[in-house]
2 protein chains.
Amino acid sequence: MTGGARTGAGPRPDRSSAAERAADELRRRITEGELTPQARLSEESLVDVLHVSRNTLREAFRLLTHEGLLVYRLNRGVFVPELDEDDLVDLYRLRRAIECDAVRTLRDLDETRLQPLRADVADGEASARRGDWRQVGTANMSFHRHLVGLAGSRRIDEVTARLLAELRLAFHIIDIPQELHEPNVARNRALVELLAAGDVAGAAAALEAYLLDSEARLLEALRERRAPSGGAAADADR
Amino acid sequence: MTGGARTGAGPRPDRSSAAERAADELRRRITEGELTPQARLSEESLVDVLHVSRNTLREAFRLLTHEGLLVYRLNRGVFVPELDEDDLVDLYRLRRAIECDAVRTLRDLDETRLQPLRADVADGEASARRGDWRQVGTANMSFHRHLVGLAGSRRIDEVTARLLAELRLAFHIIDIPQELHEPNVARNRALVELLAAGDVAGAAAALEAYLLDSEARLLEALRERRAPSGGAAADADR
DNA sequence: ACCCTAGGTATTGTTGAACAATCCCGCAAG
DNA sequence: CTTGCGGGATTGTTCAACAATACCTAGGGT
């Protein structure tokens, strides 16, 4: 008898837990840049905002920690990590190893499986024409996730998802989205064409050069960002 | 109430949370094989055994989920995952990508940095002479963790740790530890010698053959284990 | 004036109990 | 034999409180 009400327009069980929904909301805020690096996420205040209990919120924190979007510091709270240059080098090193290997060992490609990649490329090109660089970045991430997904390995997909999520953290530090994302659009299209032609070795080589270049551009942007004035991070922590 | 007791055992705060300690204990039970795959971990019973609250226990579950040692099923509980053949192939695929890349890109090796590897090899050889195949397996894991550690990448180390922990789950399914672990001893020594000679390319190639062979042996063992009669798993729980 | 130490306060870590939602199992009906 | 329906057990979530720790501020020594 207590049941019932669920059938109507009420909040459906959603096949996901409250912790996951809270994590979704936090993930959005982090990737959108609303929560800036090094900011402490207060349990007390987030409980009010997300309308979940402290325990559930902490479980959401764990979820996001798993994705690399938050870090725990015992007795001090959770923080959005700030990536430094070493982190970027580290991330790209792992990324090259994973992505290049995934492409290098590809077999039995057909046009059907390339379809999601082509959709991402088209999205990136359209967004670039609109000047929506954030969406270009998002399409680029989706492209690489689909690219790695061709390997058909669950664990490789997981590592990649974590990698890209963490990498996205670096984008908010940087204020030159166009120079950063624009070159990727053409590179992604070139990659798809190489794969469509069955040239996996060529695609792997192109991808490696692509990633090395992307890393260099990001590093340079990060250094410029930090060098100029330095302590310009006057952030009211409300 | 029952509290207090904490003063006697550990004077120092331990620098770790109760959830981590509970996770440590669970991890031990899983890797030692006390908790068998597909067994559900009841919250109620583990609360009594580990002397933590349900919330803390659930946080420990999350921690181990991150390591791949447990899986969550919504509204059904947590389970020790049972690796099937696809999982093994998946794990080894990622493992080859990571380890071979780590070795292939090694630079500036000197004898000092090889020291931990030599210690693991010696441990493996000594344990093999004693017939302690479980310890041979442990030394082998330590060897590979140190091997990958030479790359000096935090995230690669993390992925590797998770990988090896998950791989260990497969060992308990298998009842022929000697045939499985014995060949690794000599292979590990050969790898160290190649690295000491500065032949990283040779080492990378040897490692790839090594891992392919290791995967094949594990797969065969798993198939034999499952094919024969099947329901021989008369395991007294607790 | 500076450094170091001590105490107060805010925040996190952990607990236990309670309730709601969901799943699993056995059983009756077709 | 399959199908639909309770009843009981387990997980999911909330709440309120206490303990432990870190941060901040004030006071004393040099």
Side-chain angles (χ1 to χ4, degrees), chain A residues 1-26 35 38-65 70-81 235-238, chain B residues 1-26 35 38-65 70-81 237-238:
Chain A
M1 61 103 53
T2 72
R6 189 59 66 246
T7 61
R12 60 161 51 132
D14 220 354
R15 220 65 214 145
S16 69
S17 66
E20 286 174 59
R21 287 191 298 271
D24 287 342
E25 176 61 19
L26 286 175
L35 293 169
Q38 278 186 322
R40 188 174 62 84
L41 276 70
S42 158
E43 296 186 355
E44 193 178 6
S45 53
L46 283 175
V47 159
D48 295 336
V49 177
L50 298 177
H51 305 292
V52 294
S53 76
R54 258 182 82 205
N55 285 319
T56 301
L57 178 64
R58 287 165 66 82
E59 215 157 285
F61 283 166
R62 291 282 184 206
L63 253 17
L64 293 172
T65 299
L70 291 179
V71 292
Y72 249 95
R73 287 195 243 170
L74 193 60
N75 290 321
R76 299 217 244 158
V78 294
F79 300 79
V80 180
D235 228 10
D237 57 331
R238 52 169 314 115
Chain B
M1 56 158 315
T2 73
R6 185 63 63 247
T7 59
R12 61 161 51 132
D14 221 352
R15 221 64 213 146
S16 71
S17 67
E20 287 174 60
R21 288 192 298 272
D24 287 341
E25 177 61 18
L26 286 175
L35 293 169
Q38 276 187 323
R40 188 174 61 84
L41 277 68
S42 159
E43 296 186 355
E44 193 178 5
S45 54
L46 282 175
V47 159
D48 294 336
V49 176
L50 299 177
H51 305 291
V52 294
S53 77
R54 253 182 87 206
N55 284 316
T56 302
L57 178 64
R58 287 166 67 82
E59 215 156 287
F61 284 166
R62 289 285 185 204
L63 253 17
L64 293 172
T65 299
L70 291 178
V71 292
Y72 248 94
R73 289 196 243 169
L74 193 59
N75 290 320
R76 300 220 237 146
V78 294
F79 300 79
V80 180
D237 56 333
R238 105 152 251 124

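In what follows, chains are A, B, ... by sequence order, proteins preceding strands, each numbered from 1. Please read all numbers here as calculations on a predicted model, not as lab measurements.
Note on B/R76: every side-chain N or O is 4.0 Å or more away from OP1 and OP2 of D/dG12. B/R40 has a side-chain polar atom (N or O) that falls below the 4.0 Å cut-off from OP1 or OP2 of D/dT11.
Comparing atom distances between the B/Y72 side chain and each of D/dT21, D/dG12, D/dT13 picks out D/dG12 as nearest. The side chain of B/S17 has C/dT14 as its nearest neighbour among C/dT14, C/dT12, D/dG12.
Residue A/E44 contributes atom CD, which lies 15 Å from atom C1' of C/dG13 at whole-angstrom precision. In this structure, B/R73 atom CZ and D/dT10 atom C1' are separated by 14 Å, rounded to whole Å. Taking atom CG on B/L74 and atom P on C/dC23, their separation rounds to 7 Å, with Å as the unit. At whole-Å resolution of the value, CZ in B/F79 and P in C/dC23 are 13 Å apart. Summarising the geometry, the separation between CD on B/E43 and P on C/dA17 is reported as 15 Å, rounded to the nearest angstrom. Counting to the nearest Å, the C1' atom of D/dA19 and the CG atom of A/N75 are 11 Å from each other. Across the protein-nucleic acid pair, B/E20 atom CD and D/dT21 atom P stand 14 Å apart, rounded to whole Å. Rounded to an integer number of Å, the gap from CZ of B/R62 to P of C/dG13 is 17 Å.
For A/R54, the salt bridge (charged side-chain N to carboxylate O under 4.0 Å, His left out) partners are A/E43, not counting sequence neighbours.
Pairs of residues two or more places apart, or lying in two chains, never qualify as salt bridge (charged side-chain N to carboxylate O under 4.0 Å, His left out) while including a residue from residues 72-81 of chain B.
Listed here is the closest heavy atom pair of B/P81 and B/V71: CB-CG1, 3.9 Å.
Taking a 4.0 Å limit (strictly below) on heavy-atom distances, residues 48-58 of chain A reaches DNA chain D at A/H51, A/V52, A/S53, A/R54, A/N55, A/T56.
Residues B/L57 and B/L26 form a side-chain contact, since some pair of their non-hydrogen atoms from C-beta on lies under 4.5 Å apart. Side-chain contact between A/L70 and A/V80 is present, with at least one heavy-atom pair separated by less than 4.5 Å. Residues B/R62 and A/L63 have side chains in contact (heavy-atom distance under 4.5 Å, counting atoms from C-beta outward).
Annotation: the span from A/L64 atom CG to A/L41 atom CG amounts to 9.0 Å, rounded to 0.5 Å.
Within the 4.0 angstrom heavy-atom criterion, no nucleotide atom of any strand lies near B/E59.
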